[in-house]
Amino acid sequence: MSTVVLIGAQWGDEGKGKVTDFLARRADMVVRYQGGSNAGHTVVVNDKIYKLHLIPSGILYSDKMCLIGNGVVIDPGVLLEELDVLESQGVSTANLRISPRAHVIFPYHKRIDMAEEERKGKSKIGTTCRGIGPAYMDKATRVGIRMVELIDREELAEKLRDVVEFKNQLLTGVYGSSDQFDYREILELYSGYGERLKKYVANVSILVNEAIDGGKKVLFEGAQGTLLDIDHGTYPYVTSSSPIAASACLGAGLGPTKINTVVGVAKAYITRVGEGPFPTELHDKLGEQIRERGHEFGTTTGRPRRCGWYDAVIARYAARINGLSYLAVTKLDVLTGLETLKICTGYRYKGEIITEFPDSLKVLARCEPVYREFPGWQEDISNVNDYSELPQNARDYLKYLEDLSGVPVAIVGVGPGRTQTLVLHDIF
Ligand code: GDP
Ligand code: IMO
Ligand code: MG
């Protein structure tokens with residue numbers, strides 16, 4: 001049995017797409033299990049850049065099955081565009097399968113996402129406005145529409161009529177908006193989507209379980225990150241799904257006894273998009289410098305990402321919540337040239353040092369990071385092929401990061417390209 005769950009160990013955008021693509025080389029199947037088109041996973045192969053939102057990052061290999069599980073919320077317009085772009089780039093999408101139980105995002109979800117952000121004003125979450133929260137809300141309140149209904153025009157027509165009427169009332173009555181959705185228009189558009197997507201719909205739970213039982217290697221690709229988890233993240237500044245490792249079982253339809261290994265992807269520093277407290281955030285020129293060098297602008301929304309020093313309190317927390325077996329540390333190359341590097345080892349709160357990630361957002365917002373400093377390195381590391389070729393200071397930095405989180409580093413990223421990856425431990 002060989003199953004690996006790969007998750008973001010920070011606030012998302014850790015480089016999960018790149019590491020998934022790298023590990024997918026040895027996998028037979030890659031599975032997305034939560035989130036939706038709020039995700040933006042970048043894969044760079046031979047200088048060609050692929051930006052994936054819904055399709056698993058294993059799609060660039062023609063022989064891997066790529067599955068979208070029941071836990072994902074699917075915007076069919078975005079998915080079809082992604083399929084078209086990949087096909088036009090010569091990438092076959094024949095191996096894609098989508099769970100009939102995955103919920104569908106409709107135009108009213110995106111409009112309500114925006115309206116809710118406007119209503120919150122200063123306390124907005126800074127969502128991607130992709131309709132994620134409202135779609136998961138409909139799922140929980142049991143008025144959601146799933147892929148199985150999308151591909152059945154009669155079912156779609158029946159469910160949609162009720163829901164659209166209610167959403168229109170919500171938009172005018174609660175949000176004071178004059179925007180109204182036309183049920184017939186949505187029905188025509190979405191039944192067309194259903195026709196095109198029908199051929200991909202298949203029982204993901206059966207496919208995953210059969211693959212595992214048949215000795216195949218299955219890789220689960222998380223979206224977002226641990227601190228954006230609705231239960232374990234910095235609530236309410238989180239997404240509406242569970243990006244943590246446990247969610248792979250729920251979102252793809254398999255039992256926890258079938259998971260062997262969990263890999264947490266973390267940048268050698270840390271970033272965040274959207275609102276919410278961020279103890280090691282750099283508000284100065286250095287923060288800007290890291291943003292420029294690391295091209296820290298959102299893959300989905302283009303928003304500048306907030307940048308800060310590596311936070312080992314968060315790393316330890318992610319190790320516990322996800323049961324991490326290994327860390328994949330990305331973007332080490334971005335730190336090249338900095339004189340001094342810092343790692344946050346704990347927080348100072350009301351004169352005391354705390355080393356556990358706080359539950360209260362009020363406490364977190366008042367935490368001051370305690371740092372340990374390290375000398376940087378000046379050598380270009382983007383062409384290094386082996387860990388042993390890294391400058392001593394870079395190895396010391398990684399070693400300390402490993403010791404603090406208590407999790408071995410298995411992979412190190414020294415550039416965005418598929419080949420700019422150092423392997424310290426084989427994962428599959
Ligand atoms: P994801 O959402 O976790 O898949 O991450 P994103 O794709 O949103 O953002 C990560 C960005 O960093 C992308 O532009 C990647 O191409 C890039 N990247 C990933 N790993 C590395 C690395 O080791 N070094 C550098 N310089 N860039 C990397
Ligand atoms: P990947 O998979 C980084 C953030 C948003 C916002 C919060 C809620 O590329 O790592 P949502 O639209 O989900 O309701 O927004 O979550 N967010 C992400 N940040 N990477 C992502 O995905 C994200 N997906 C959502 O910026 O703060
Ligand atoms: Mg991303």
Side-chain angles (χ1 to χ4, degrees), residues 6-22 32 34-45 47-54 56-57 72-73 75 105 109-110 112-114 116-117 124-137 221-230 233-241 243 264-276 278 290-291 293-306 328-336 380-382 384 411-422:
L6 178 144
I7 56 95
Q10 298 168 330
W11 271 295
D13 299 328
E14 298 90 347
K16 297 176 295 295
K18 179 197 151 150
V19 182
T20 299
D21 166 77
F22 182 79
R32 272 282 305 270
Q34 47 68 233
S37 46
N38 48 349
H41 294 185
T42 317
V43 180
V44 181
V45 186
D47 293 332
K48 223 170 162 182
I49 302 175
Y50 302 87
K51 290 181 190 294
L52 300 160
H53 300 286
L54 282 159
S57 304
V72 175
V73 284
D75 184 329
I105 294 186
H109 290 130
K110 289 184 264 192
I112 292 167
D113 198 348
M114 263 185 269
E116 188 53 25
E117 286 283 271
K124 70 172 190 211
I125 290 163
T127 75
T128 58
C129 289
R130 296 299 189 266
I132 306 297
Y136 279 116
M137 215 167 112
E221 176 184 7
Q224 289 80 54
T226 304
L227 292 186
L228 291 172
D229 185 272
I230 188 150
T234 44
Y235 190 90
Y237 298 101
V238 293
T239 191
S240 299
S241 72
V265 186
K267 282 176 186 163
Y269 47 98
I270 192 165
T271 63
R272 169 163 212 181
V273 208
E275 310 302 317
F278 177 176
I290 293 177
R291 183 178 309 122
R293 283 189 186 188
H295 306 290
E296 296 296 356
F297 297 89
T299 310
T300 298
T301 58
R303 288 179 292 175
R305 296 174 182 150
R306 301 154 66 191
V329 178
T330 58
K331 306 193 102 164
L332 188 67
D333 53 299
V334 175
L335 298 181
T336 299
D380 177 10
I381 59 170
S382 58
V384 163
I411 288 175
V412 177
V414 292
R418 187 184 265 174
T419 52
Q420 291 172 298
T421 313
L422 314 179

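In listed order, ligands and their atoms are each counted from 1. For reference, positions follow the sequence shown, starting with 1.
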Handout entry: the Mg ion (ligand 3) contact by Ala223, N, O or S atom under 2.8 Å
Key = no
Consider every N or O of [X] and every N or O of ligand 2, then say whether any pair is closer than 3.5 Å.
X: Gly40; result: yes
X: Thr128; result: yes
X: His41; result: yes
X: Val273; result: yes
X: Thr239; result: yes
X: Arg130; result: no
X: Asp13; result: yes

Nearest-neighbour protein heavy atom for [atom], which is reported as residue plus atom name and distance:
atom: atom 19 (C) of ligand 1; result: Lys18 CD, 3.8 Å
atom: atom 22 (O) of ligand 2; result: Gln224 NE2, 3.4 Å
atom: atom 17 (N) of ligand 2; result: Leu228 CD1, 3.7 Å
atom: atom 11 (C) of ligand 1; result: Lys331 NZ, 3.6 Å
atom: atom 5 (C) of ligand 2; result: Gly126 O, 3.5 Å
atom: atom 15 (O) of ligand 2; result: Thr127 CA, 3.3 Å
atom: atom 15 (C) of ligand 1; result: Thr42 CB, 3.9 Å

Would you say [X] has any N or O atom under 3.5 Å from an N or O of ligand 1, going by distance alone?
X: Lys16; answer: yes
X: Glu14; answer: yes
X: Asp333; answer: yes
X: Gly413; answer: yes
X: Gly40; answer: yes

With atoms numbered from 1 as shown, which atoms in ligand 1 lie under 4.0 angstrom from a non-hydrogen atom of [X]?
X: Asp13; result: 1 (P), 2 (O), 3 (O), 5 (O), 8 (O), 9 (O), 10 (C)
X: Val414; result: 23 (O)
X: His41; result: 1 (P), 2 (O), 4 (O), 7 (O)

Exercise for the section: Please state which part of Leu332 comes within less than 4.0 Å of ligand 1, counting heavy atoms only: side chain, backbone, both or neither. Expected result: neither
Practice task
Test Thr271 against Arg291 for side-chain contact (heavy atoms from CB on, under 4.5 Å), laying out the working first.
Solution key: CA-CA 9 Å; Thr271 63; Arg291 183 178 309 122; over 6 Å; no
[atom1] of [X] to [atom2] of [Y]: how many Å apart, nearest 0.5 Å?
X: Leu6; Y: Ile411; atom1: CG; atom2: CD1; answer: 8.0 Å
X: His109; Y: Tyr136; atom1: NE2; atom2: OH; answer: 11.5 Å
X: Cys129; Y: Ile112; atom1: SG; atom2: CD1; answer: 12.5 Å
X: Ile105; Y: Leu54; atom1: CD1; atom2: CG; answer: 7.5 Å
X: Lys18; Y: Arg418; atom1: NZ; atom2: CZ; answer: 10.5 Å

A side-chain contact here means heavy atoms from C-beta on lying under 4.5 Å apart; do [X] and [Y] qualify?
X: Ile125; Y: Glu275; value: no
X: Lys16; Y: Thr330; value: no
X: Tyr50; Y: His41; value: no
X: Arg306; Y: Trp11; value: no
X: Gln420; Y: Ser382; value: yes

Practice task
Please state whether His295 comes within less than 4.0 angstrom of ligand 1, counting heavy atoms only.
Solution key: no
Exercise for the section: Examine ligand 1 and decide if any of its atoms is less than 4.0 Å from a heavy atom belonging to Arg305. Expected result: yes
With a cutoff of 4.0 Å, is [X] in contact with ligand 2, counting heavy atoms of the residue only?
X: Lys16; result: yes
X: Trp11; result: yes
X: Arg303; result: yes

Exercise for the section: Over all heavy atoms of both residues, which pair between Ala223 and Ala39 is shortest? Give the atoms and the distance, please. Expected result: CB-CB, 3.8 Å
Handout entry: Test side-chain hydrogen bond (donor to acceptor under 3.5 Å, both in side chains) applied to Arg130 and Thr128, step by step
Key = CA-CA 5 Å; Arg130 296 299 189 266; Thr128 58; 5.2 Å; no
Practice task
Among Thr421, Asp333, Leu422, find the residue that satisfies the side chain to side chain contact (heavy atoms under 4.5 Å, CB included) test when tested with Val412.
Solution key: Leu422
Practice task
Record the part of Thr301 in heavy-atom contact with ligand 2 below 4.0 Å; permitted values are side chain, backbone, both and neither.
Solution key: neither
Out of all atoms in ligand 2, which are within 4.0 Å of some heavy atom of [X]? Include the element for each.
X: Val238; result: 7 (C), 8 (C)
X: Ala223; result: 2 (O)
X: Gly274; result: 27 (O)
X: Ile125; result: 8 (C), 27 (O)
X: Ala39; result: 1 (P), 2 (O), 9 (O), 22 (O)

Fill in the blank from the handout: atom 25 (C) of ligand 1: of Pro416, Gly225, Gly12, the nearest heavy atom sits on Pro416
Completion exercise
Filtering Gly415, Gly15, Gly17 for the heavy atom nearest atom 21 (C) of ligand 1 leaves Gly415
Exercise for the section: Could you tell me the angle subtended at the Mg ion (ligand 3) by O of Gly40 and OD1 of Asp13, rounded to 10°? Expected result: 160°
Handout entry: Audit row: Asp113, Thr127, side-chain hydrogen bond (donor to acceptor under 3.5 Å, both in side chains) steps and yes/no
Key = CA-CA 8 Å; Asp113 198 348; Thr127 75; 2.9 Å; yes
Handout entry: Over 12 non-hydrogen atoms of neighbours within 6.0 angstrom of OH in Tyr235
Key = no
Handout entry: Residues, nucleotides or ligands: over 12 heavy atoms within 6.0 Å of Met137 CE
Key = no
Practice task
Applying side-chain hydrogen bond (donor to acceptor under 3.5 Å, both in side chains), run through Gln224 and Thr239 and close with a yes or a no.
Solution key: CA-CA 8 Å; Gln224 289 80 54; Thr239 191; 4.7 Å; no
